[in-house]
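Only heavy atoms go into these numbers, but all of them, side chains included; no hydrogens, no water, no symmetry mates. To find a chain, count down the sequence lines: A is the first, B the second, and so on, and within it residues start at 1.
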Amino acid sequence: MKNHLLEKALLLDANYIEENNESKIMLYLSNENGHFWVKDNDFSPYFFVAVGNDEASKTAKELLGLNFGDAERFCVKDAQLTNAIVKDKAVIKVTFFKVSHLVLARKIFSEMGFERYEYDVPFAKRYLLDMRLQPGNWIEYFVVDEEKIESNKINEDNKINEVDNSKSAESKKGVSGKFKSRVSNSSDGEDEENTTVVISGKVKVIKEIKVVDGPFGGKGVAFDLETKMGKKFTIGGEPILMVSIVANDVGELDEKKPNYERVISHGTKKVPKLEILESESEVVEKLIIELNKNDTSYIITYNGDNFDFAYTKERAKKLGLTFEVNGFVPLTRRHGLDNAVKLQGIQHIDSYQIMRFLQRTGAVNTAKLDIESVSEKVFGEFKEKVLPKEITEAWESKDVKKLARLVDYNLKDSRVAFRIAQQFLPLFVEISKLTSQTLYDTTRSTTSQMVEDLLLKETHYRGIIAPNKPKENEVIQRTQNPIKGAFVKEPMAGLHENIAVLDFASLYPSIITSHNISPDALNCAHDACKKNISPDGTWFCTKKKGLFPEILEKLLKQRLQLKREYKRKKKEEGIDDRVLFAKQWALKIILNSVYGYLGYPRARWYSRECASATTAWEREYIHETIKKSEVAGFKVLYGDTDSNFLLMLDKTKKDVENFVEEVNSKLPEGMELEIDGFYKRGIFVTKKEGGAAKKRYALMDEKGNLKIVGFEYVRRDWCIIARETQKKVLELVLSEGKPEKAVECVKRVLKELKEGKVEKKDLVIMTVLQRDTKDYDSIGPHVAAAKKAIARGKELGAGSMLSFIITKGGKGKQSISDKAELEEYVKEGDYDVEYYIENQLLPAVLKIVQELGYSKEDLLTGGKQTGLNAWG
DNA sequence: TAATTCGCTAGACCGA
DNA sequence: TCGGTCTAGCGAA
């Protein structure tokens with residue numbers, strides 16, 4: 001045995017090649033020696049089949065003999081009986097030489113009547129999961145050999161899709177593994193750019209790969225295009241006018257370390273920061289060179305999945321240029337309703353996808369996800385928007401001022417895209433570590449995918465076979481049979497003082513672990529376990545820990561520890577450790593998603609019983625806590641799912657602490673009631689139909705901080721003037737307890753509205769067009785406005801964010817929809833005063849002041865001379 | 001290619 | 001014209 005070399009490198013990507021009629025795993029790594037592909041010869045594609053116990057070994061032998069007519073290799077490389085059991089059946093692991101064989105075999109096996117499992121896990125993903133590798137982290141491995149790669153083709157579509165195997169000749173066509181070095185003849189004398197050549201020639205063959213912790217980092221290059229506006233937009237239809245490029249280390253958040261930045265254009269005037277090249281062709285060439293600089297690990301865009309890559313590709317084609325990155329043509333894949341652009345080795349990070357994820361998980365909340373809104377919301381930096389027609393005009397006019405504005409805009413687009421990646425990649429690295437998926441995948445994943453990947457990883461490790469994805473009819477059936485959810489207590493309407501808010505820490509995960517809720521522990525055969533029966537009637541094993549509780553418990557513990565360490569470091573050392581923060585954040589996202597996953601109809605591990613038992617116990621615990629609160633002498637004001645609002649009455653904070661302690665002493669281990677905070681005042685309002693409204697309240701803490709929940713103020717489908725006035729009213733009412741000022745405030749706004757003085761931007765109502773306009777049964781104002789805009793030539797479809805205003809409208813009786821117009825078609829001052837008073841301002845503030853004894857008339861007329869004492 | 005249910009409100013729609 | 005019902009959207013947890 002020769003001496004093998006031990007190496008370390010950061011893992012970026014996994015894929016596979018076809019070589020000697022076998023599929024071989026390739027990993028893309030980076031370390032101080034640069035970026036390179038390595039090969040692992042020891043992993044082959046496989047899936048499982050389940051057969052009756054008696055025939056198992058016989059079947060395994062038969063499978064081994066299966067031949068699909070391939071000249072060089074048998075289709076089945078290996079068939080081994082495993083220790084796993086699925087539904088009382090023995091499980092055989094069937095291994096293949098090639099992915100294409102697997103794809104063929106699973107169809108044939110199905111026709112032969114075999115039950116198949118894990119047959120739809122893509123090969124490279126399978127490898128990462130089985131090997132428990134962590135893209136974004138480092139690996140250590142032995143180099144055992146060097147081989148010359150014969151086939152330098154990377155499989156084009158790593159995804160194994162059971163339904164669609166009918167690859168067209170076009171998509172089947174392999175991509176070149178070699179990037180031709182392009183000689184730069186640019187006149188600026190910077191003949192600097194070298195390009196990388198990948199997977200040509202020798203690659204290292206590696207063995208004994210294991211994860212070692214190492215720092216995350218590497219060079220990221222962000223780019224952004226500005227294109228000419230044509231009559232009708234098509235991808236690549238008009239020339240690229242300007243390109244900005246920003247590069248730096250994505251692992252560094254050092255503000256002092258300057259970015260590498262350049263903005264290039266052609267056919268216009270030179271202004272500061274702008275380089276003028278000979279032609280569009282040179283601009284595109286330069287961009288391609290920048291994207292192929294030696295040490296790039298991440299290419300960052302903002303919506304590059306749907307725009308920048310496709311546009312560059314199309315223009316390059318028209319200009320006769322080859323557009324390759326790291327030796328491969330960027331691949332566009334369908335990804336749900338939109339696209340995803342995959343590069344080989346280098347990770348394409350689309351910061352827009354990152355923002356979408358953060359928006360979905362509630363980490364950010366912004367009406368629009370355009371770069372301008374994100375810049376403002378996430379970084380607190382105003383960024384000016386330049387409209388498409390202004391872009392073209394600036395470029396054509398060669399006006400110095402307009403061009404400078406455009407250059408600034410273009411550059412900032414790349415900067416913001418880059419900064420988002422820098423800021424949030426640590427989170428996705430931690431998710432990647434948990435799920436063993438590449439950053440490319442993780443940044444485009446949904447929370448359910450993350451949970452499922454984690455489960456696939458954890459079950460493989462334990463020798464458990466994953467359930468199959470449900471068929472469509474099963475999905476429909478599950479959907480039609482929803483699970484009863486959480487309990488929400490009807491609040492007491494009105495103003496209240498001295499409120500303590502309690503809540504359960506990680507309620508659902510803690511219930512799942514405490515009661516061992518897991519599909520594999522459901523209704524076990526042991527009599528003794530029936531004492532662990534849910535209010536729902538299902539029970540869970542108390543003798544053997546189930547899969548879900550085992551995983552969750554581990555994650556919960558880790559998170560608690562990380563949070564403690566993060567806090568300690570911050571307090572004692574004054575260090576805001578973003579890696580620690582990202583680690584606990586990643587865990588939080590996964591933990592919070594597990595309950596939803598159990599009740600998600602498309603989940604492999606869907607379990608109606610488990611999800612239902614979780615909420616059943618939730619309702620029991622919250623009712624129990626409410627009861628105990630009242631016994632302890634508190635009055636329960638409100639509660640939603642995991643929270644309990646107490647009126648303290650004559651009690652002290654200490655009493656609350658003691659109460660919480662008392663409750664905790666009786667809770668099962670792992671569950672914990674916490675004090676969320678103490679509030680000076682709070683208000684709940686009465687619904688239109690009577691009764692107090694749930695999920696709507698405002699609280700003010702001892703420092704005067706206002707927390708508004710559920711009210712119009714937090715809803716984007718209400719106009720700013722109504723929202724802001726509501727906030728002021730709440731502030732005045734809660735901070736001073738005297739509503740006269742609030743009434744005055746409303747009157748001032750009413751006056752402004754009546755006088756037609758309110759600006760357009762304060763009247764805009766925002767709503768997402770959820771489907772194409774033709775698909776609506778009921779034409780609401782936003783749909784009507786969209787239809788009118790479409791008639792004027794605007795392109796709007798499902799997912800478009802609409803900003804509209806209710807205008808004065810024309811003659812005759814008109815509905816609100818008739819008067820709704822998109823903001824851009826409305827002149828300042830053209831708004832329906834009555835609508836904004838009656839349907840926006842008043843509804844937002846009335847329900848609040850009504851709790852204090854004021855009526856609509858009090859707001860509209862002279863009003864009461866003396867307000868009621870708010871709490872008299 | 002999609003985590004869940006609970007809840008509020010507006011405005012269209014529709015029949016009397 | 002009125003009032004009940006349905007569609008639609010968004011937020012809380």
Side-chain angles (χ1 to χ4, degrees), chain A residues 159 161 163-164 333-340 356-357 360-362 365 367 444-452 469 472 475 478-479 482-491 503-504 506-508 589-603 605-608 610-612 614-615 618-619 622 638-643 676 685-689 691-697 707-718 765-771 775-784 801-802 806 813 815-820 835 838-840 843-844 847:
Chain A
K159 192 180 155 184
N161 190 328
V163 189
D164 179 29
R333 296 169 162 180
R334 284 309 282 178
H335 198 264
L337 295 167
D338 54 9
N339 299 313
R356 287 226 311 206
F357 180 81
R360 279 204 304 275
T361 54
N365 183 11
R444 289 166 180 79
S445 276
T446 62
T447 51
S448 74
Q449 277 172 298
M450 291 171 184
V451 172
E452 197 151 287
K469 285 184 185 162
E472 209 51 35
V475 172
R478 290 173 179 182
T479 308
I483 291 145
K484 190 173 172 190
F487 170 71
V488 188
K489 183 182 162 37
E490 183 175 322
D503 61 6
F504 282 94
S506 304
L507 181 60
Y508 286 4
I589 287 168
I590 304 256
L591 283 164
N592 283 344
S593 310
V594 170
Y595 160 73
Y597 176 85
L598 277 169
Y600 171 49
R602 306 191 107 88
W605 275 274
Y606 172 88
S607 171
R608 193 178 195 285
C610 291
S612 182
T614 308
T615 52
E618 173 275 334
R619 293 189 295 273
I622 206 72
Y638 175 63
D640 184 347
T641 310
D642 58 355
S643 66
D676 165 78
V685 300
T686 308
K687 280 188 291 185
K688 222 175 181 178
E689 294 86 40
K694 299 169 179 177
K695 298 187 187 282
R696 277 164 188 247
Y697 58 88
K707 183 176 172 185
I708 303 175
V709 178
F711 279 128
E712 286 76 5
Y713 173 71
V714 299
R715 297 181 64 100
R716 62 157 178 253
D717 55 350
W718 282 73
I765 297 162
M766 288 199 279
T767 313
V768 172
L769 191 66
Q770 299 285 6
R771 37 186 118 142
D775 299 330
Y776 280 90
D777 294 330
S778 176
I779 309 300
H782 70 296
V783 184
M801 173 64 73
L802 306 175
I806 306 304
K813 205 173 149 41
S815 69
I816 292 164
S817 287
D818 292 334
K819 292 182 276 192
Y835 172 84
E838 293 290 333
N839 299 36
Q840 289 280 325
K847 46 185 153 270

Check your understanding: Once you round it to whole Å, what is the distance between P of C/dA8 and CD1 of A/I765?
Key -> 18 Å
Review point. Between C/dA13, B/dC8, B/dT5, which nucleotide has the shortest distance from any of its atoms to the side chain of A/P482?
Key: B/dT5
Exercise for review: For A/L507, answer base if it contacts any base atom (sugar-phosphate contacts may also be present), sugar-phosphate if it contacts only those atoms, and nothing otherwise; contact means non-hydrogen atoms under 4.0 Å.
Suggested key: nothing
Exercise for review: Assign A/W718 to base, sugar-phosphate, or nothing according to its heavy-atom contacts below 4.0 angstrom with the strands shown.
Suggested key: sugar-phosphate
Study note, to complete from the structure: Rounded to whole Å, the CZ-P distance (A/F711 to B/dG7) equals 17 Å
**Study point:** Side-chain donor-acceptor pair present, A/N339, A/R333, cut-off under 3.5 Å
**Key:** no
Review point. Would you say A/Q449 reaches B/dA2's phosphate, i.e. side-chain N/O to OP1/OP2 under 4.0 Å?
Key: yes
Exercise for review: Rounded to the nearest angstrom, tell me the gap between atom CZ in A/F487 and atom P in B/dT4.
Suggested key: 24 Å
Practice item. For A/Y638 and B/dG7, give me the distance from atom OH to atom C1', rounded to whole Å. Key: 9 Å
Exercise for review: Mind calculating the distance between NZ (A/K695) and P (B/dG7) to the nearest angstrom?
Suggested key: 7 Å
Review point. What is the nucleic acid contact for A/Y835, judged by heavy atoms within less than 4.0 Å: base, sugar-phosphate only, or nothing?
Key: sugar-phosphate
Practice item. Remember a base hit wins even if backbone is also touched, and classify A/Y776 as base, sugar-phosphate or nothing at under 4.0 Å, heavy atoms. Key: sugar-phosphate
Review point. Is any side-chain N of the basic residue among A/K694 and A/D640 closer than 4.0 Å to the acidic one's carboxylate O?
Key: no
Check your understanding: Do A/Y638 and A/Y697 have their ring centres less than 6.0 Å from each other?
Key -> yes
Exercise for review: Using atom CE of A/M766 as one end and atom P of C/dC10 as the other, report the distance to the nearest whole Å.
Suggested key: 10 Å
Practice item. Ignoring the backbone of A/D640, work out which of C/dA13, B/dA3, C/dG9 is nearest its side chain. Key: C/dA13
Point to revise | Among B/dC6, B/dA3, B/dT9, the one nearest A/R696 by side-chain distance | key: B/dT9
Review point. Does A/R715 make a side-chain donor-acceptor contact with the base of C/dC10, cut-off 3.5 Å?
Key: yes
Exercise for review: Check the side chains of A/D818 and A/S815 for a donor-acceptor pair under 3.5 angstrom, ignoring hydrogens and angles.
Suggested key: yes
Practice item. Report which part of the nucleic acid A/Y697 touches: base, sugar-phosphate, or nothing (heavy-atom distance under 4.0 Å, all strands). Key: sugar-phosphate
Revision key, fill the gap. Which of B/dC6, C/dA8, B/dA3 is nearest the side chain of A/V488? It is B/dC6
Check your understanding: Is there a side-chain polar atom (N or O) of A/H782 under 4.0 Å from OP1 or OP2 of C/dA8?
Key -> no
Review point. Contact class for A/R771 (heavy atom, under 4.0 Å): base, sugar-phosphate, or nothing?
Key: sugar-phosphate
Exercise for review: Among the candidates C/dC10, C/dT7, B/dT5, find the nucleotide nearest to the side-chain atoms of A/R716.
Suggested key: C/dC10
Review point. To the side chain of A/T767, which of C/dG9, B/dA10, B/dC6 is closest?
Key: C/dG9
Practice item. Please state whether the phosphate of B/dA3, meaning OP1 or OP2, lies under 4.0 angstrom from any side-chain nitrogen or oxygen of A/T446. Key: yes
Review point. With respect to A/E452, which candidate in A/W605, A/Y597, A/Y600 satisfies the side-chain hydrogen bond (donor to acceptor under 3.5 Å, both in side chains) definition?
Key: A/Y597
Check your understanding: Any side-chain N or O of A/K694 less than 4.0 Å from the OP1 or OP2 oxygen of B/dG7?
Key -> yes
Exercise for review: Pick the C1' atom in C/dA12 and in B/dA3, then give their distance to the nearest Å.
Suggested key: 15 Å
Practice item. Looking only at non-hydrogen atoms, find the nearest pair between A/S445 and A/M450 and report the distance. Key: CB-CE, 3.8 Å
Review point. Checking all strands, does A/N839 fall into the base, sugar-phosphate, or nothing category for heavy-atom contacts under 4.0 angstrom?
Key: sugar-phosphate
Exercise for review: Rounded to the nearest angstrom, tell me the gap between atom CD in A/E689 and atom P in B/dT9.
Suggested key: 7 Å
Check your understanding: So which nucleotide from B/dC8, C/dA13, B/dT4 ends up closest to the side chain of A/Y600?
Key -> B/dT4
Review point. According to the interplanar angle, ranging from 0 to 90°, do the rings of A/H782 and A/Y776 count as parallel (below 30°), tilted (30 to 60°) or perpendicular (above 60°)?
Key: perpendicular
Practice item. Using a heavy-atom cut-off of under 4.0 Å over every strand shown, decide if A/V768 touches base, sugar-phosphate, or nothing. Key: sugar-phosphate
Exercise for review: Please determine if A/E490 and A/K687 form a salt bridge, counting it only when a charged side-chain N lies under 4.0 Å from a carboxylate O.
Suggested key: no
Exercise for review: Would you classify A/G596 as touching base, sugar-phosphate or nothing, given that sugar-phosphate means primed atoms plus P, OP1 and OP2, and contacts are heavy atoms under 4.0 Å?
Suggested key: base
Revision key, fill the gap. Picking from B/dA12, B/dA3, B/dT5, the nucleotide nearest the side-chain atoms of A/I483 would be B/dT5
Check your understanding: Base, sugar-phosphate alone, or nothing: which one does A/S448 contact when heavy atoms must sit under 4.0 Å apart?
Key -> sugar-phosphate
Study note, to complete from the structure: Separation of B/dT9 atom P from A/I816 atom CD1, nearest Å, is 17 Å
Exercise for review: State which of C/dA13, B/dA12, B/dA3 makes the closest approach to the side chain of A/S815.
Suggested key: B/dA12
Point to revise | Whichever of A/K489 and A/S817 has its nearest DNA chain B nucleotide further upstream toward 5' | key: A/K489
